[in-house]
K.L.:
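What follows is a single structure, and I will ask about it in a moment.
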2 protein chains.
Amino acid sequence: MSDTDTPWLDEQEMTLWRLWLRVQTELPAALGRGLAQDSELSMQDFETLVRLSEAPEGRLRISALAEGMHWERSRLSHHLRRMSGRGLVVKQDCLEDGRGSFVELTDAGRAALDSAAPGHVRIVRALFFEGLQEDERQALTHFLERVLGRVQT
Amino acid sequence: MSDTDTPWLDEQEMTLWRLWLRVQTELPAALGRGLAQDSELSMQDFETLVRLSEAPEGRLRISALAEGMHWERSRLSHHLRRMSGRGLVVKQDCLEDGRGSFVELTDAGRAALDSAAPGHVRIVRALFFEGLQEDERQALTHFLERVLGRVQT
DNA sequence: AGCACTTGCTTGACACGTCACGGAAAACCC
DNA sequence: GGGTTTTCCGTGACGTGTCAAGCAAGTGCT
(Lines give C-alpha, C1' and ligand atoms only; values in the text may rest on other atoms or scores of the structure.)
Protein backbone atom coordinates (compact mmCIF):
# COMPACT_ATOMS: atom_id res chain seq x y z
CA MET A 1 0.00 0.00 0.00
CA SER A 2 1.48 3.35 -0.95
CA ASP A 3 1.58 6.26 1.42
CA THR A 4 -0.89 8.21 -0.65
CA ASP A 5 -3.58 5.79 0.45
CA THR A 6 -3.31 6.94 4.04
CA PRO A 7 -3.41 10.71 4.31
CA TRP A 8 -2.19 12.36 7.48
CA LEU A 9 -4.84 13.22 10.05
CA ASP A 10 -6.76 16.39 9.34
CA GLU A 11 -7.15 19.09 11.93
CA GLN A 12 -10.25 17.69 13.60
CA GLU A 13 -8.89 14.17 13.65
CA MET A 14 -5.63 15.41 15.12
CA THR A 15 -7.54 17.28 17.80
CA LEU A 16 -9.41 14.14 18.74
CA TRP A 17 -6.31 11.97 18.63
CA ARG A 18 -4.24 14.20 20.87
CA LEU A 19 -7.20 14.60 23.18
CA TRP A 20 -7.50 10.84 23.41
CA LEU A 21 -3.80 10.43 24.17
CA ARG A 22 -4.01 13.12 26.79
CA VAL A 23 -7.07 11.76 28.57
CA GLN A 24 -5.50 8.35 28.43
CA THR A 25 -2.58 9.60 30.49
CA GLU A 26 -4.27 12.17 32.73
CA LEU A 27 -7.30 10.18 33.79
CA PRO A 28 -5.35 7.24 35.23
CA ALA A 29 -3.04 9.73 36.93
CA ALA A 30 -5.98 11.52 38.52
CA LEU A 31 -7.59 8.25 39.60
CA GLY A 32 -4.29 7.10 41.02
CA ARG A 33 -3.88 10.28 43.02
CA GLY A 34 -7.40 9.98 44.36
CA LEU A 35 -6.86 6.39 45.33
CA ALA A 36 -3.54 7.10 46.97
CA GLN A 37 -5.05 9.85 49.11
CA ASP A 38 -7.15 7.57 51.24
CA SER A 39 -5.68 4.13 50.78
CA GLU A 40 -2.05 3.26 49.97
CA LEU A 41 -3.40 1.37 46.96
CA SER A 42 -2.52 1.78 43.30
CA MET A 43 -5.00 1.22 40.49
CA GLN A 44 -3.37 -2.13 39.88
CA ASP A 45 -3.62 -3.11 43.51
CA PHE A 46 -7.25 -2.09 43.51
CA GLU A 47 -8.07 -4.04 40.37
CA THR A 48 -6.33 -7.10 41.76
CA LEU A 49 -8.19 -6.89 45.06
CA VAL A 50 -11.53 -6.42 43.29
CA ARG A 51 -10.97 -9.55 41.22
CA LEU A 52 -10.07 -11.55 44.29
CA SER A 53 -13.00 -10.24 46.29
CA GLU A 54 -15.37 -11.31 43.52
CA ALA A 55 -14.03 -14.86 43.59
CA PRO A 56 -15.46 -17.52 45.88
CA GLU A 57 -13.64 -17.45 49.23
CA GLY A 58 -11.55 -14.56 47.97
CA ARG A 59 -9.04 -16.83 46.29
CA LEU A 60 -8.06 -17.68 42.74
CA ARG A 61 -5.50 -19.63 40.83
CA ILE A 62 -2.79 -17.24 39.70
CA SER A 63 -3.21 -18.15 36.06
CA ALA A 64 -6.97 -17.62 36.27
CA LEU A 65 -6.43 -14.23 37.81
CA ALA A 66 -3.90 -13.31 35.15
CA GLU A 67 -6.28 -14.34 32.41
CA GLY A 68 -9.19 -12.46 33.93
CA MET A 69 -7.16 -9.30 34.21
CA HIS A 70 -5.51 -9.76 30.82
CA TRP A 71 -2.12 -9.51 32.44
CA GLU A 72 1.01 -11.40 31.59
CA ARG A 73 1.87 -13.95 34.21
CA SER A 74 5.24 -12.49 34.98
CA ARG A 75 3.66 -9.12 35.55
CA LEU A 76 1.19 -10.61 37.96
CA SER A 77 3.92 -12.61 39.62
CA HIS A 78 5.96 -9.47 40.27
CA HIS A 79 2.91 -7.63 41.46
CA LEU A 80 1.72 -10.34 43.81
CA ARG A 81 5.16 -10.56 45.37
CA ARG A 82 4.97 -6.87 46.19
CA MET A 83 1.38 -7.03 47.41
CA SER A 84 2.19 -10.10 49.43
CA GLY A 85 5.07 -8.21 51.01
CA ARG A 86 2.58 -5.56 52.10
CA GLY A 87 0.26 -8.15 53.57
CA LEU A 88 -2.63 -7.58 51.16
CA VAL A 89 -2.64 -11.12 49.78
CA VAL A 90 -1.11 -14.49 50.55
CA LYS A 91 0.02 -17.28 48.25
CA GLN A 92 -0.93 -20.86 48.92
CA ASP A 93 0.21 -24.08 47.32
CA CYS A 94 -2.33 -25.93 45.21
CA LEU A 95 -2.91 -29.48 46.32
CA GLU A 96 -4.42 -30.80 43.09
CA ASP A 97 -1.62 -29.39 40.96
CA GLY A 98 1.87 -29.20 42.37
CA ARG A 99 2.87 -26.49 39.91
CA GLY A 100 -0.01 -24.21 40.69
CA SER A 101 -0.68 -21.65 43.39
CA PHE A 102 -3.62 -19.81 44.83
CA VAL A 103 -3.67 -16.19 45.85
CA GLU A 104 -5.99 -15.27 48.64
CA LEU A 105 -7.20 -11.98 50.00
CA THR A 106 -6.04 -11.34 53.55
CA ASP A 107 -8.19 -9.54 56.07
CA ALA A 108 -5.98 -6.53 55.62
CA GLY A 109 -6.46 -6.75 51.87
CA ARG A 110 -10.22 -6.89 52.17
CA ALA A 111 -10.19 -4.03 54.65
CA ALA A 112 -8.06 -1.91 52.34
CA LEU A 113 -10.41 -2.61 49.46
CA ASP A 114 -13.53 -1.87 51.47
CA SER A 115 -12.13 1.38 52.71
CA ALA A 116 -10.88 2.49 49.29
CA ALA A 117 -13.80 1.42 47.11
CA PRO A 118 -16.41 4.11 47.88
CA GLY A 119 -14.01 6.96 47.26
CA HIS A 120 -12.76 5.34 44.10
CA VAL A 121 -16.24 4.83 42.72
CA ARG A 122 -17.06 8.40 43.60
CA ILE A 123 -14.13 9.76 41.64
CA VAL A 124 -14.75 7.48 38.67
CA ARG A 125 -18.31 8.75 38.58
CA ALA A 126 -17.27 12.36 39.01
CA LEU A 127 -14.60 12.30 36.31
CA PHE A 128 -15.87 9.80 33.79
CA PHE A 129 -19.60 9.13 34.09
CA GLU A 130 -20.88 12.49 35.28
CA GLY A 131 -23.28 13.89 32.72
CA LEU A 132 -22.97 10.92 30.39
CA GLN A 133 -26.31 10.44 28.67
CA GLU A 134 -27.72 7.05 27.81
CA ASP A 135 -27.19 7.46 24.07
CA GLU A 136 -23.64 8.68 24.66
CA ARG A 137 -22.93 5.66 26.84
CA GLN A 138 -24.15 3.35 24.11
CA ALA A 139 -22.20 5.13 21.40
CA LEU A 140 -19.01 5.11 23.47
CA THR A 141 -19.41 1.44 24.34
CA HIS A 142 -19.94 0.63 20.69
CA PHE A 143 -16.92 2.61 19.63
CA LEU A 144 -14.64 1.02 22.21
CA GLU A 145 -15.83 -2.44 21.31
CA ARG A 146 -15.03 -1.77 17.69
CA VAL A 147 -11.54 -0.58 18.55
CA LEU A 148 -10.88 -3.44 20.91
CA GLY A 149 -12.04 -5.95 18.33
CA ARG A 150 -9.53 -4.60 15.83
CA VAL A 151 -6.72 -4.45 18.37
CA GLN A 152 -7.00 -8.11 19.31
CA THR A 153 -4.02 -9.67 17.59
CA MET B 1 -20.79 12.78 51.72
CA SER B 2 -22.02 9.36 52.74
CA ASP B 3 -21.47 6.25 50.68
CA THR B 4 -25.13 5.95 49.84
CA ASP B 5 -24.81 9.04 47.66
CA THR B 6 -22.55 7.21 45.23
CA PRO B 7 -23.97 3.86 44.22
CA TRP B 8 -21.65 1.27 42.70
CA LEU B 9 -21.59 1.07 38.92
CA ASP B 10 -24.47 -0.83 37.39
CA GLU B 11 -23.90 -3.59 34.87
CA GLN B 12 -23.81 -1.39 31.80
CA GLU B 13 -21.60 1.18 33.41
CA MET B 14 -19.24 -1.54 34.58
CA THR B 15 -19.09 -2.95 31.07
CA LEU B 16 -18.18 0.45 29.70
CA TRP B 17 -15.65 1.14 32.43
CA ARG B 18 -13.79 -2.12 32.03
CA LEU B 19 -13.91 -1.72 28.28
CA TRP B 20 -12.38 1.72 28.63
CA LEU B 21 -9.62 0.43 30.90
CA ARG B 22 -8.93 -2.38 28.51
CA VAL B 23 -8.75 -0.26 25.37
CA GLN B 24 -6.60 2.15 27.26
CA THR B 25 -3.99 -0.56 27.78
CA GLU B 26 -4.35 -2.56 24.60
CA LEU B 27 -4.44 0.23 22.07
CA PRO B 28 -1.11 1.76 23.09
CA ALA B 29 0.38 -1.72 23.17
CA ALA B 30 -0.82 -2.41 19.64
CA LEU B 31 0.43 0.95 18.39
CA GLY B 32 3.75 0.35 20.07
CA ARG B 33 4.12 -3.04 18.43
CA GLY B 34 3.27 -1.60 15.05
CA LEU B 35 5.76 1.20 15.48
CA ALA B 36 8.49 -1.12 16.68
CA GLN B 37 8.08 -3.36 13.65
CA ASP B 38 9.38 -0.86 11.15
CA SER B 39 11.27 1.67 13.17
CA GLU B 40 13.05 1.09 16.51
CA LEU B 41 10.91 3.91 17.89
CA SER B 42 8.58 3.90 20.86
CA MET B 43 5.40 5.95 21.01
CA GLN B 44 7.21 8.39 23.26
CA ASP B 45 10.13 8.67 20.85
CA PHE B 46 7.69 9.26 18.04
CA GLU B 47 5.78 11.93 19.89
CA THR B 48 9.00 13.68 20.80
CA LEU B 49 10.27 13.63 17.24
CA VAL B 50 6.95 14.92 15.90
CA ARG B 51 7.04 17.87 18.27
CA LEU B 52 10.58 18.70 17.28
CA SER B 53 9.90 18.34 13.57
CA GLU B 54 7.01 20.79 13.87
CA ALA B 55 9.25 23.39 15.50
CA PRO B 56 11.23 25.91 13.44
CA GLU B 57 14.62 24.46 12.53
CA GLY B 58 13.70 21.27 14.34
CA ARG B 59 14.80 22.60 17.69
CA LEU B 60 13.11 23.63 20.91
CA ARG B 61 13.92 24.70 24.40
CA ILE B 62 13.63 21.68 26.65
CA SER B 63 11.12 23.35 28.95
CA ALA B 64 8.98 24.40 25.99
CA LEU B 65 9.00 20.85 24.71
CA ALA B 66 8.09 19.52 28.13
CA GLU B 67 5.20 21.93 28.41
CA GLY B 68 3.91 21.14 24.93
CA MET B 69 3.97 17.43 25.62
CA HIS B 70 2.58 17.81 29.13
CA TRP B 71 5.54 15.89 30.48
CA GLU B 72 7.42 16.46 33.67
CA ARG B 73 10.84 17.89 33.08
CA SER B 74 12.62 15.05 34.74
CA ARG B 75 10.81 12.58 32.55
CA LEU B 76 11.81 14.47 29.45
CA SER B 77 15.34 14.81 30.72
CA HIS B 78 15.66 11.05 31.17
CA HIS B 79 14.09 10.42 27.80
CA LEU B 80 16.24 12.90 25.91
CA ARG B 81 19.37 11.40 27.41
CA ARG B 82 18.36 8.02 26.05
CA MET B 83 17.32 9.38 22.66
CA SER B 84 20.49 11.39 22.49
CA GLY B 85 22.46 8.22 23.17
CA ARG B 86 20.80 6.66 20.16
CA GLY B 87 21.64 9.62 17.98
CA LEU B 88 18.07 10.77 17.38
CA VAL B 89 18.50 14.20 18.95
CA VAL B 90 21.30 16.43 20.20
CA LYS B 91 21.39 18.87 23.06
CA GLN B 92 22.84 22.33 22.61
CA ASP B 93 23.63 25.03 25.12
CA CYS B 94 21.48 28.12 25.02
CA LEU B 95 23.46 31.31 24.55
CA GLU B 96 20.86 33.74 25.86
CA ASP B 97 20.30 31.76 29.04
CA GLY B 98 23.17 29.84 30.54
CA ARG B 99 20.82 27.49 32.39
CA GLY B 100 18.81 26.52 29.35
CA SER B 101 19.31 24.00 26.59
CA PHE B 102 17.97 23.31 23.16
CA VAL B 103 17.16 19.90 21.76
CA GLU B 104 17.54 19.51 18.04
CA LEU B 105 16.50 16.80 15.67
CA THR B 106 19.45 15.06 14.04
CA ASP B 107 19.36 13.86 10.45
CA ALA B 108 19.01 10.34 11.80
CA GLY B 109 16.11 11.46 13.97
CA ARG B 110 14.33 13.07 11.08
CA ALA B 111 14.97 10.05 8.91
CA ALA B 112 13.59 7.73 11.58
CA LEU B 113 10.50 9.88 11.91
CA ASP B 114 9.94 10.10 8.17
CA SER B 115 10.27 6.38 7.77
CA ALA B 116 8.00 5.55 10.70
CA ALA B 117 5.26 8.13 10.23
CA PRO B 118 3.31 6.64 7.30
CA GLY B 119 3.00 3.25 8.92
CA HIS B 120 2.04 4.78 12.23
CA VAL B 121 -0.67 6.94 10.72
CA ARG B 122 -1.94 3.92 8.85
CA ILE B 123 -2.31 1.88 12.00
CA VAL B 124 -3.87 4.74 13.95
CA ARG B 125 -6.43 5.09 11.18
CA ALA B 126 -7.01 1.37 10.97
CA LEU B 127 -7.48 0.83 14.69
CA PHE B 128 -9.00 4.06 15.91
CA PHE B 129 -10.56 6.13 13.13
CA GLU B 130 -11.77 3.42 10.76
CA GLY B 131 -15.54 3.64 10.43
CA LEU B 132 -15.84 6.62 12.77
CA GLN B 133 -18.72 8.75 11.58
CA GLU B 134 -18.75 12.50 11.78
CA ASP B 135 -21.33 12.63 14.55
CA GLU B 136 -19.43 9.99 16.50
CA ARG B 137 -16.25 11.96 16.16
CA GLN B 138 -17.95 15.05 17.51
CA ALA B 139 -19.57 13.20 20.38
CA LEU B 140 -16.31 11.51 21.33
CA THR B 141 -14.39 14.77 21.18
CA HIS B 142 -17.00 16.41 23.32
CA PHE B 143 -16.93 13.62 25.86
CA LEU B 144 -13.15 13.62 26.13
CA GLU B 145 -13.05 17.38 26.51
CA ARG B 146 -15.51 17.13 29.34
CA VAL B 147 -13.45 14.47 31.09
CA LEU B 148 -10.18 16.31 30.57
CA GLY B 149 -11.68 19.52 31.90
CA ARG B 150 -12.67 17.76 35.10
CA VAL B 151 -9.33 15.99 35.46
CA GLN B 152 -7.33 19.20 35.33
CA THR B 153 -6.36 19.73 38.94
C1' DA C 1 27.65 44.49 45.87
C1' DG C 2 25.43 40.92 48.66
C1' DC C 3 21.89 37.79 49.61
C1' DA C 4 17.65 35.26 49.02
C1' DC C 5 14.58 33.40 45.65
C1' DT C 6 13.31 31.50 41.30
C1' DT C 7 14.06 28.98 37.06
C1' DG C 8 16.06 25.31 33.90
C1' DC C 9 17.66 21.16 33.87
C1' DT C 10 19.90 16.87 35.83
C1' DT C 11 20.50 13.07 38.93
C1' DG C 12 19.63 9.01 41.98
C1' DA C 13 16.61 5.96 44.12
C1' DC C 14 12.79 3.44 43.62
C1' DA C 15 8.30 1.21 41.58
C1' DC C 16 6.47 -0.84 37.63
C1' DG C 17 6.15 -3.56 33.06
C1' DT C 18 8.27 -6.49 29.44
C1' DC C 19 11.14 -9.92 27.80
C1' DA C 20 13.81 -14.00 27.87
C1' DC C 21 14.88 -17.58 30.50
C1' DG C 22 14.67 -21.35 33.97
C1' DG C 23 12.82 -25.02 37.03
C1' DA C 24 9.38 -27.98 38.49
C1' DA C 25 5.33 -30.57 37.87
C1' DA C 26 1.88 -32.48 34.83
C1' DA C 27 0.34 -34.50 30.41
C1' DC C 28 1.20 -37.00 26.41
C1' DC C 29 3.03 -40.69 23.62
C1' DC C 30 5.57 -44.71 22.50
C1' DG D 1 8.28 -46.86 32.34
C1' DG D 2 11.14 -43.42 29.78
C1' DG D 3 11.38 -39.35 27.03
C1' DT D 4 9.36 -35.29 25.02
C1' DT D 5 6.33 -31.51 25.34
C1' DT D 6 3.34 -28.42 27.66
C1' DT D 7 1.81 -25.77 31.56
C1' DC D 8 2.46 -23.01 35.85
C1' DC D 9 5.04 -19.91 38.02
C1' DG D 10 9.29 -17.29 39.41
C1' DT D 11 13.53 -14.61 38.46
C1' DG D 12 16.94 -11.29 36.51
C1' DA D 13 18.00 -7.78 33.42
C1' DC D 14 16.53 -3.87 31.34
C1' DG D 15 13.69 0.39 29.79
C1' DT D 16 10.68 3.62 31.57
C1' DG D 17 8.10 6.92 34.88
C1' DT D 18 7.82 9.44 39.45
C1' DC D 19 9.53 11.72 43.31
C1' DA D 20 12.75 14.25 45.97
C1' DA D 21 16.89 16.43 45.91
C1' DG D 22 20.55 19.09 43.87
C1' DC D 23 23.28 22.25 41.03
C1' DA D 24 24.04 26.17 38.29
C1' DA D 25 22.51 30.41 36.32
C1' DG D 26 19.31 34.18 36.26
C1' DT D 27 16.34 37.72 38.98
C1' DG D 28 15.11 40.89 42.49
C1' DC D 29 15.61 43.47 46.67
C1' DT D 30 18.19 46.40 49.81
Side-chain angles (χ1 to χ4, degrees), chain A residues 21-22 24-33 35-37 40-48 59-86 88-104 153, chain B residues 21-22 24-33 35-37 40-48 59-86 88-104 153:
Chain A
L21 291 177
R22 186 108 187 266
Q24 193 182 246
T25 62
E26 305 262 345
L27 182 57
L31 293 174
R33 283 192 301 267
L35 208 46
Q37 273 191 350
E40 302 294 321
L41 296 178
S42 69
M43 285 280 285
Q44 294 87 337
D45 298 332
F46 187 84
E47 172 76 4
T48 306
R59 45 181 254 151
L60 280 173
R61 286 290 294 269
I62 290 185
S63 51
L65 180 56
E67 186 175 1
M69 299 177 74
H70 304 279
W71 279 19
E72 292 191 12
R73 297 231 190 113
S74 81
R75 176 183 178 184
L76 185 56
S77 183
H78 283 303
H79 204 80
L80 290 179
R81 175 174 41 74
R82 292 184 292 252
M83 289 182 72
S84 163
R86 293 191 285 149
L88 299 169
V89 299
V90 282
K91 285 182 233 181
Q92 302 164 338
D93 291 344
C94 176
L95 300 180
E96 304 101 43
D97 188 334
R99 303 164 295 182
S101 299
F102 285 97
V103 223
E104 183 174 348
T153 47
Chain B
L21 291 177
R22 185 105 188 269
Q24 194 182 247
T25 63
E26 305 260 345
L27 183 57
L31 294 174
R33 284 192 300 268
L35 208 46
Q37 273 191 351
E40 303 292 323
L41 295 179
S42 68
M43 285 280 285
Q44 294 85 337
D45 298 332
F46 187 84
E47 173 76 3
T48 306
R59 46 181 254 152
L60 280 174
R61 286 290 294 268
I62 290 187
S63 51
L65 180 57
E67 186 175 1
M69 298 177 74
H70 304 279
W71 279 20
E72 293 190 12
R73 295 225 193 122
S74 82
R75 177 182 178 185
L76 184 57
S77 183
H78 282 305
H79 204 81
L80 290 178
R81 176 173 41 76
R82 294 184 292 252
M83 290 183 72
S84 162
R86 294 191 285 147
L88 298 169
V89 298
V90 284
K91 284 183 234 179
Q92 302 164 338
D93 292 343
C94 175
L95 300 181
E96 303 99 44
D97 188 334
R99 301 165 295 181
S101 298
F102 284 98
V103 222
E104 183 173 349
T153 46

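Every chain is numbered from 1, with letters handed out A, B, ... down the list of sequences. Since this is a predicted model, take the numbers as computed values, not measurements. Atoms considered below: every heavy atom in the structure, side chains included; atoms not considered: hydrogens, waters and symmetry mates.
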K.L.:
Nearest to the side chain of A:R99 - C:dT10, D:dG17, C:dA25?
P.N.:
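For the A:R99 side chain, the nearest candidate turns out to be C:dA25.
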K.L.:
Between B:L35 (CG) and D:dG15 (P), how many Å, whole number?
P.N.:
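B:L35 atom CG is separated from D:dG15 atom P by 18 Å.
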K.L.:
Below the 4.0 Å mark, does D:dG17 have OP1 or OP2 next to a side-chain nitrogen or oxygen of B:R82?
P.N.:
yes
K.L.:
Tell me which residues in residues 67-76 of chain B lie within less than 4.0 Å of DNA chain D, going by non-hydrogen atoms.
P.N.:
B:E72, B:S74, B:R75
K.L.:
Out of D:dC9, C:dC9, D:dA25, which has the shortest distance to the side chain of A:R61?
P.N.:
D:dC9
K.L.:
Within the 4.0 Å heavy-atom criterion, would you say B:S77 contacts the bases, only the backbone, or no part of the nucleic acid?
P.N.:
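Result for B:S77 = base.
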K.L.:
Report the distance from atom CG of B:L60 to atom C1' of C:dC9, rounded to the nearest whole Å.
P.N.:
15 Å
K.L.:
When the distance from CZ of B:R33 to C1' of C:dC19 is rounded to whole Å, what number comes out?
P.N.:
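These atoms are roughly 14 Å apart.
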K.L.:
Verify the neighbour count for atom CD of B:Q92: are there more than 12 heavy atoms of other residues, nucleotides or ligands below 6.0 Å?
P.N.:
yes
K.L.:
Could you give the distance from NE2 (A:H78) to CD (A:Q44), rounded to the nearest 0.5 Å?
P.N.:
14.0 Å
K.L.:
At less than 4.0 Å, is any side-chain N or O atom of B:K91 found next to OP1 or OP2 of C:dT10? Yes or no.
P.N.:
yes
K.L.:
Any idea which of C:dA26, D:dG17, C:dT10 is nearest the A:D97 side chain?
P.N.:
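Given the options C:dA26, D:dG17, C:dT10, the side chain of A:D97 is closest to C:dA26.
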K.L.:
So which heavy atom on B:C94 is nearest to which on B:S101, and how close?
P.N.:
CB-N, 4.1 Å
K.L.:
Over how many whole Å does the gap from A:Q92 atom CD to D:dC8 atom C1' extend?
P.N.:
16 Å
K.L.:
Check B:L76 against B:I62 and note the closest heavy-atom contact, atom names and distance.
P.N.:
CD2-O, 3.4 Å
K.L.:
On DNA chain D, check which nucleotide each of A:S101 and A:H78 is closest to and give me the residue with the more 5' one.
P.N.:
A:S101
